[in-house]
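Atoms considered below: every heavy atom in the structure, side chains included; atoms not considered: hydrogens, waters and symmetry mates.
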Amino acid sequence: DASLTEALLQALQQCAGNGTRLLVLRGSGRNFCGGFDLSDADSAGEGELLRRFVRIEQVLQALWHAPHAVLALAHGRNAGAGTDLFLAAGLRVCSIDAAFRMPGLRFGLQLGTRRLQARVGSDMARELLCDSRQIATSEALRCGFVNRVVEPSAWDDLINLCRVLNETADERLEKELDAVFNIDGAL
């Protein structure tokens, strides 16, 4: 949905400049994200479809290069741009029932190939892209596609833990830097 992509991009731009320390991506419904909405592909012109793909790639780049931690929580079946969205996060957690698929090459366009390669390595990335097969949670965890498997009932606790660790790590780092550079508050 083009309006959701625009809203995501705007929110990411705001988060990048407002001191956000942890951004959480969490879907509602049966799946984290089903991917690019192609329901109006026949009626949309090529220019409009290209614009949507470019905007989605801008969302993915903003997540990948975010100046703050990004935690993605996935459940259900996720495909295409939804899988790319998940992979762009530094912290990737899924439920035991989650599955991922990247079918883009079947219709001639695949986003996120470098991010996928960075997460799982060249050989596995090539296999997942060319086969367009579904990857289950166990395999996703083994190959680095996912960092952790945690059931959704524990996600709120996980989010709170990430917030605390993120704040603690920043404070500890600031104290260590202050000690190393002997900063007493005056510049």
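The two residues Pro67 and Ala16 make their nearest non-hydrogen contact at CG-O, 3.7 Å. Contact between Leu60 and Ala88 at its shortest, heavy atoms only, is O-CB, 3.8 Å. Closest heavy-atom contact between His68 and Thr20: CB-O, 3.1 Å. Across all their heavy atoms, Ala118 and Trp64 have their closest contact at CB-CH2, 3.8 Å. Heavy atoms only, all atoms of each residue included: Val93 and Trp155 are closest at CG1-NE1, 4.0 Å. Counting all heavy atoms, side chain and backbone alike, Cys162 lies closest to Leu22 at CB-CD2, 3.8 Å.
Within the 4.5 Å cutoff, the side chain of Glu139 has heavy atoms near those of the Met124 side chain. Residues Leu12 and Leu23 meet the side-chain proximity criterion, which asks for heavy atoms closer than 4.5 Å. In this structure the side chain of Ser95 never reaches within 4.5 angstrom of the side chain of Val149, judged on heavy atoms.
Leu91 and Leu161 are not part of a single hydrophobic cluster, where members link through side-chain heavy atoms under 4.5 Å apart. Note on Val24 and Leu165: separate hydrophobic clusters, where clusters join Ile, Leu, Val, Met, Phe, Trp and Tyr whose side-chain heavy atoms are under 4.5 Å apart, directly or indirectly.
In this structure, Asp84 CG and Asn78 CG are separated by 11.0 Å, a value rounded to the nearest 0.5 Å. To the nearest 0.5 Å, the span separating CD1 on Ile56 from CD on Glu6 amounts to 10.0 Å. The CG atom of Leu128 sits 6.0 Å away from the CG atom of Leu116 when rounded to the nearest 0.5 Å. Distance check, rounded to the nearest 0.5 Å: CD of Gln13 to CG of Asn18 gives 12.0 Å. Note that CG of Leu63 and CZ of Phe86 are 12.5 Å apart. Values are rounded to the nearest 0.5 Å. Going from atom OG of Ser132 over to atom CE of Met102 covers 9.5 Å, rounded to the nearest 0.5 Å.
For the residue pair Arg114 and Gln117, no side-chain donor N or O sits within less than 3.5 Å of a side-chain acceptor on the partner.
Relative orientation of the Phe145 and Phe100 rings is tilted, given thresholds of 30° and 60° on the angle between their planes.
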Between Arg26 and Ile159, is the side chain to side chain contact (heavy atoms under 4.5 Å, CB included) condition met? List the steps. CA-CA 11 Å; Arg26 183 178 188 173; Ile159 292 167; 3.7 Å; yes

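The salt bridge (charged side-chain N to carboxylate O under 4.0 Å, His left out) analysis of residues 116-128, with sequence neighbours excluded, yields the pairs Asp123-Arg126, Glu127-Arg133.
The environment of Glu151 atom CD is dense: over 12 non-hydrogen atoms of other residues, nucleotides or ligands sit within 6.0 angstrom.
The backbone N or O of Gly144 sits less than 3.5 Å from a side-chain atom of Arg92, completing a donor-acceptor pair.
Partner Leu25 forms a side-chain contact (heavy atoms from CB on, under 4.5 Å) with one of Leu73, Leu85, Leu71 and no other, that one being Leu85. When Arg115, Arg52, Arg51 are each tested for a salt bridge (charged side-chain N to carboxylate O under 4.0 Å, His left out) with Glu57, only one passes: Arg115.
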